[in-house]
2 protein chains.
Amino acid sequence: MTLEHAILGFLEREPMTGYDLKTRCFDGAAGHVWTADQAQVYRTLERLSERGLVRSRAVPQRGKPDRRLYRITTKGREALLAWLRRPEAPTAVRDPLLMRVFMAGDLPDTEIAGLLTQARDDYQVRLETLRAEAAAPVPSCAATDARGAELYRMTLGAAMAGTRAVIDWIDDCMERISRGLPPASPQVTGEGV
Amino acid sequence: MTLEHAILGFLEREPMTGYDLKTRCFDGAAGHVWTADQAQVYRTLERLSERGLVRSRAVPQRGKPDRRLYRITTKGREALLAWLRRPEAPTAVRDPLLMRVFMAGDLPDTEIAGLLTQARDDYQVRLETLRAEAAAPVPSCAATDARGAELYRMTLGAAMAGTRAVIDWIDDCMERISRGLPPASPQVTGEGV
DNA sequence: GACGAGTATAGGACAAGTCCCATAAAAATC
DNA sequence: GATTTTTATGGGACTTGTCCTATACTCGTC
């Protein structure tokens with residue numbers, strides 16, 4: 001449900017095409033909060049249109065396909081507000097990196113360390129990107145006024161805090177590994193069912 | 001792909017039924033790392049079985065349906081190891097709470113604060129649960145030796161660090177809100193397409 | 001004794017997300 | 001001049017995850 005409402009939220013700021021939503025909003029301004037595939041954006045727009053939460057108008061262009069400009073309706077605005085007010089349980093955790101560490105007992109210490117170092121580098125890059133976004137002016141599709149800009153900066157803060165937490169955790173793990181993890185007990189590897 | 005390999009990992013520790021995997025592993029020991037629906041577990045077991053990564057044996061019971069006991073195969077063990085070694089890009093962020101804050105400009109300060117307070121409570125509960133897990137003895141399906149136990153504790157540490165980061169972020173936001181967010185600019189709400 | 005909880009498996013329907021392809025022409029780059 | 005990138009939309013196939021249902025017997029509670 002979040003993608004639907006994210007799209008409604010962006011369209012409330014400004015009428016846009018599917019292409020705009022994908023490139024400017026989900027790849028750009030809101031990438032640290034939610035990502036979306038191109039196919040998903042177009043399909044969701046279609047669904048929202050069927051339900052009357054958005055409406056669209058074709059804008060002819062020379063050489064390129066018509067731009068389909070989407071605009072939120074009153075009904076869509078109501079749906080957005082209702083969603084903002086409806087309490088929602090926190091999402092379940094699902095982290096492939098943690099799952100790997102959980103299952104990594106069969107790897108030697110050096111390979112576990114390698115795994116974590118690689119992840120650390122990835123998160124470090126993410127952190128730099130977030131820092132750059134925080135230093136840059138607020139993108140137009142992220143906020144239309146000072147209030148929106150403040151909320152946008154809050155979400156950037158959350159993303160940075162979360163990323164920093166992962167990096168710090170990896171550093172702790174690396175220190176623990178450098179002291180040597182307990183060795184693996186020899187596993188019985190019988191093959192009968 | 002992670003669920004498949006998570007199941008392989010658990011079955012390497014100990015042969016189990018779908019029911020065990022769901023209740024002991026995904027609801028229990030590994031809930032802070034990965035969750036899985038019951039239907040998903042059974043379907044994935046079936047798929048793994050078709051591909052020869054696990055094999056099963058029916059264990060008759062009185063009164064209850066037969067237990068279908070799954071065991072990892074040599075091929076499955078190889079697949080697990082290959083997955084552990086294969087580098088993987090970090091997952092895209094997708095956080096409904098952040099999306100709400102991002103879009104919350106139309107709500108009054110008090111309602112934004114309420115939203116965050118509710119979320120804080122939820123994460124506080126999560127943190128208590130994690131603390132209890134860290135204090136309790138390591139569940140048998142989480143690790144079979146001291147090495148596995150250490151890795152398990154590392155993943156608990158990551159979950160706790162992440163949860164604490166969210167709580168701290170919310171506290172920062174609440175302080176910012178208590179000083180008053182900038183007011184919303186009046187929006188033009190024209191309805192033409 | 002009815003009723004719910006626990007043990008155990010499995011199916012259907014559907015929403016959400018990923019990946020890959022096709023079309024089409026202008027503009028930029030090599 | 002040839003190739004790649006950008007702008008713009010959309011379809012198909014597939015994997016993942018959620019929710020709800022059915023079956024069937026035991027055990028403990030009200």
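Chain letters run A, B, ... following the sequence lines, proteins first and then strands; every chain starts at 1. Hydrogens, waters and symmetry mates are skipped; everything else that's a heavy atom, side chains included, is used.
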Phosphate oxygens OP1/OP2 of D/dT9: is one of them under 4.0 Å from a side-chain N or O of A/Tyr42? yes
Rounded to the Å, how far apart are B/Leu21 CG and C/dT7 P? 15 Å
At less than 4.0 Å, is any side-chain N or O atom of A/Tyr19 found next to OP1 or OP2 of D/dT9? Yes or no. no
Go through the N and O atoms of the side chain of A/Arg43 and the base of C/dT18, and report whether any donor-acceptor pair is under 3.5 Å. yes
Over how many whole Å does the gap from A/Glu4 atom CD to C/dA16 atom C1' extend? 10 Å
Mind calculating the distance between CZ (A/Phe26) and C1' (D/dA8) to the nearest angstrom? 17 Å
Please evaluate residues B/Arg13 and B/Thr144 with respect to the criterion side chain to side chain donor-acceptor pair (under 3.5 Å), reporting the C-alpha separation (whole Å), side-chain torsions for both, the decisive distance (0.1 Å), and the verdict. CA-CA 6 Å; B/Arg13 286 157 165 70; B/Thr144 50; 5.8 Å; no
Return the value, rounded to whole Å, for the distance between atom CE of A/Met1 and atom P of C/dA15. 8 Å
With a 4.0 Å limit, can you tell me whether B/Thr44 has a side-chain N or O closer than that to the phosphate oxygens OP1/OP2 of D/dT16? no
Determine: side-chain N/O of A/Gln40 to OP1/OP2 of C/dG17, distance under 4.0 Å, yes or no. yes
If you look at every strand shown and take non-hydrogen atoms under 4.0 Å, does B/Thr17 touch a base, only sugar-phosphate, or nothing? sugar-phosphate
Please report the distance, rounded to the nearest Å, between CD in B/Glu46 and P in C/dA8. 19 Å
Do the side-chain N or O atoms of B/Arg67 get closer than 4.0 angstrom to the phosphate oxygens (OP1, OP2) of C/dA8? yes
Are any of A/Arg47's side-chain N or O atoms less than 4.0 Å away from OP1 or OP2 of C/dC14? no
With ring centroids as reference points, do B/Phe10 and A/Phe102 lie under 6.0 angstrom apart? yes
Separation of C/dT9 C1' from B/Leu45 CG (nearest whole Å): 11 Å
Hey, which of these two, A/Ala39 or B/Asp37, hits DNA chain C nearer its 5' end, going by closest nucleotide? B/Asp37
Tell me yes or no: between the side chains of B/Thr17 and B/Arg68, is some donor less than 3.5 Å from an acceptor? no
Going by atom types alone, do B/Thr35 and A/Arg94 pair a side-chain donor with an acceptor below 3.5 Å? yes
Rounded to whole Å, how long is the line connecting atom CG of A/Asp95 with atom C1' of D/dT16? 17 Å
Looking at D/dG10, does its base get a donor-acceptor pair with the side chain of A/Gln38 below 3.5 Å? yes
A/Arg24 CZ to D/dT7 C1', in whole Å, measures 14 Å
Nearest-nucleotide check on DNA chain C, B/Thr23 vs A/Trp34; residue mapping nearer the 5' end is B/Thr23
Ignoring hydrogens and geometry beyond distance, is a side-chain donor-acceptor pair present between B/Arg100 and A/Thr2 at under 3.5 Å? no
